[in-house]
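Encoded as structure tokens, the structure appears first; notes follow it.
Heads up: numbering here begins at 1 and tracks the sequence.
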Amino acid sequence: MSEIELPPDHPRYESLLTRHRIEAGVEKGITSLQGLIAEGRGEAFDYLLGEGTIESAARAERVAAAHLLRADHPVLSVNGNVAALVPEELVELAAVTGAELEVNLFNRTDERVERIAAHLREHGAGEVLGTDPTERIPGLSSERGRVDAEGIYRADAVCVPIEDGDRAEALAAMGKTEIVIDLNPLSRSPRNATVPVIDNVLRAIPKITAHARELESASPSELAALIEGFDREACLEAAERRIRTGGSSEPDERSAESGTDASPSSE
Ligand code: ATP
């Protein structure tokens, strides 16, 4: 079945779309077989979170946008799952926030990096970093730690969707502002993040972009207030609570459809 044949009125449309894109990513040689496993794990958590953006995640998405806008060298790190799921959306977020796109893979091969870079360019990207990584993330062995000198290495803010815990920890140890998008609030990656966004990348990336558009004309002090008012621990706790209680203790936890109404002032 192709993407256009997926019935949009199917109750599990988003889940079918995700599976379809990941499968197509594997066929195209941009997503690894390990990526299939990561996808399965993500789906389970998404199910438990109610397959929607919870309010605490919507808040984190706004703060993530503020960080990307405020940074001098923001970078969006792209792996095989993210490239398969949200290529166009990543290009748009990079354009709105002035961020670089860098391909950064756990199971790195030059061929797969090239394919992902080409895939992003097919979806509108200009320059894509990561094809010639000359620097290393300290503390990580071999291929896993290789990064671009002009990208992740010098970045002051990095958005790492669907990252493994080791690399998230190592990036945090480099003192970078780290925005992690991951559906599992118990995973080491969001636990190490400056801003843990507990949401599906399919929903999170477009929502961060929408917030960035709204905040484009915000003053430095407005951005600083948003950033300083953010409580990462509360955000992780809210997601875990949602998973454990099914949201029954927080009937208003789900954000509105657009997800863009969750500014701190609305609470
Ligand atoms: P850690 O090493 O941090 O404990 P892990 O072993 O759980 O992490 P992996 O299995 O390598 O990490 O990575 C998969 C992670 O990505 C999981 O936490 C999963 O919830 C998350 N994930 C998978 N698909 C998505 C998605 N579409 N959106 C957001 N997160 C996702």
Side-chain angles (χ1 to χ4, degrees), residues 14 46 49-78 82 85-102 120 123-125 155-163 176-183 185 189-190 193-239 242 250 252-267:
E14 207 178 74
D46 206 8
L49 282 164
E51 296 179 325
T53 302
I54 60 173
E55 192 181 318
S56 53
R59 264 198 314 273
E61 281 156 3
R62 193 165 180 84
V63 173
H67 271 294
L68 291 172
L69 288 171
R70 190 171 79 157
D72 291 326
H73 299 293
V75 174
L76 311 181
S77 177
V78 186
V82 184
L85 290 174
V86 281
E88 242 170 72
E89 294 84 346
L90 280 172
V91 172
E92 210 180 329
L93 177 58
V96 174
T97 58
E100 303 280 358
L101 289 164
E102 176 168 344
L120 291 173
H123 286 86
D156 47 354
V158 194
C159 177
V160 281
I162 320 185
E163 182 58 279
K176 297 182 189 300
T177 295
E178 202 174 3
I179 299 154
V180 169
I181 305 171
D182 195 311
L183 283 157
S189 325
T194 321
V195 184
V197 177
I198 310 301
D199 200 4
N200 195 319
V201 292
L202 271 182
R203 298 186 294 268
I205 298 286
K207 286 180 179 180
I208 296 173
T209 305
H211 285 297
R213 285 217 168 89
E214 276 179 28
L215 292 169
E216 244 168 350
S217 53
S219 66
S221 63
E222 282 173 276
L223 294 182
L226 255 177
I227 288 167
E228 279 149 30
F230 180 67
D231 183 343
R232 58 182 297 286
E233 299 299 331
C235 202
L236 290 166
E237 274 165 30
R242 168 80 197 200
E250 288 168 325
D252 299 329
E253 180 80 352
R254 291 278 291 266
S255 70
E257 266 310 287
S258 74
T260 55
D261 63 340
S263 61
S265 59
S266 69
E267 281 156 35

Contact summary for [X] and [Y], nearest pair of heavy atoms:
X: Cys235; Y: Phe230; answer: SG-CZ, 3.8 Å
X: Pro161; Y: Val201; answer: CB-CG1, 3.6 Å
X: Val63; Y: Ile227; answer: CG1-CA, 4.3 Å
X: Leu90; Y: Leu76; answer: O-CD1, 3.6 Å
X: Arg242; Y: Gly50; answer: NH2-CA, 3.8 Å
X: Leu202; Y: Glu14; answer: CD1-CG, 3.8 Å

Handout entry: Check against side-chain contact (heavy atoms from CB on, under 4.5 Å), Leu226 and Leu215
Key = CA-CA 10 Å; Leu226 255 177; Leu215 292 169; 3.8 Å; yes
Handout entry: salt bridge (Lys or Arg N to Asp or Glu O under 4.0 Å) against Glu163, all qualifying residues, sequence neighbours excluded
Key =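 Result, salt bridge (Lys or Arg N to Asp or Glu O under 4.0 Å) vs Glu163: Arg167.
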Exercise for the section: Identify, with sequence neighbours excluded, every residue that meets salt bridge (Lys or Arg N to Asp or Glu O under 4.0 Å) alongside Glu89. Expected result: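 For Glu89 there are no salt bridge (Lys or Arg N to Asp or Glu O under 4.0 Å) partners, ignoring immediate neighbours.
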Between [atom1] on residue [X] and [atom2] on residue [Y], distance to nearest 0.5 Å:
X: Ser77; Y: Glu100; atom1: OG; atom2: CD; result: 12.5 Å
X: Asp156; Y: Arg70; atom1: CG; atom2: CZ; result: 9.5 Å
X: Glu214; Y: Leu69; atom1: CD; atom2: CG; result: 11.0 Å
X: Thr97; Y: Glu92; atom1: OG1; atom2: CD; result: 10.5 Å
X: His67; Y: Arg62; atom1: NE2; atom2: CZ; result: 13.5 Å

Problem - Non-neighbouring partners of Asp199 that pass side-chain hydrogen bond (donor to acceptor under 3.5 Å, both in side chains), sequence neighbours left out - result: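 Here the qualifying residues are Thr53, Arg203.
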Can you sort out the partners of [X] under side-chain contact (heavy atoms from CB on, under 4.5 Å), two or more places apart, ordered by chain and number?
X: Ala193; value: Val180, Pro196
X: Pro74; value: Leu68, Ala71, Ala99
X: Val96; value: Thr209, Ala212, Arg213, Glu216

Between the side chain of [X] and the main-chain N/O of [Y], is any donor-acceptor distance below 3.5 Å?
X: Thr194; Y: Glu178; answer: yes
X: Asp182; Y: Pro190; answer: no
X: Lys176; Y: Ala155; answer: yes

Practice task
Provide the full list of side-chain hydrogen bond (donor to acceptor under 3.5 Å, both in side chains) pairs with a residue in residues 221-231, sequence neighbours left out, each pair given once.
Solution key: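 Those involving residues 221-231 are Ser219-Ser221, Ser219-Glu222.
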Practice task
Determine whether Ile205 and Leu85 make a side-chain contact, defined as any pair of heavy atoms from C-beta on separated by less than 4.5 Å.
Solution key: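 When only atoms from C-beta onward are counted, Leu85 and Ile205 do not touch, as no gap falls below 4.5 Å.
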Problem - pair Ile181-Ile208: side-chain heavy atoms closer than 4.5 Å - result: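 Ile181 vs Ile208: side chains touch.
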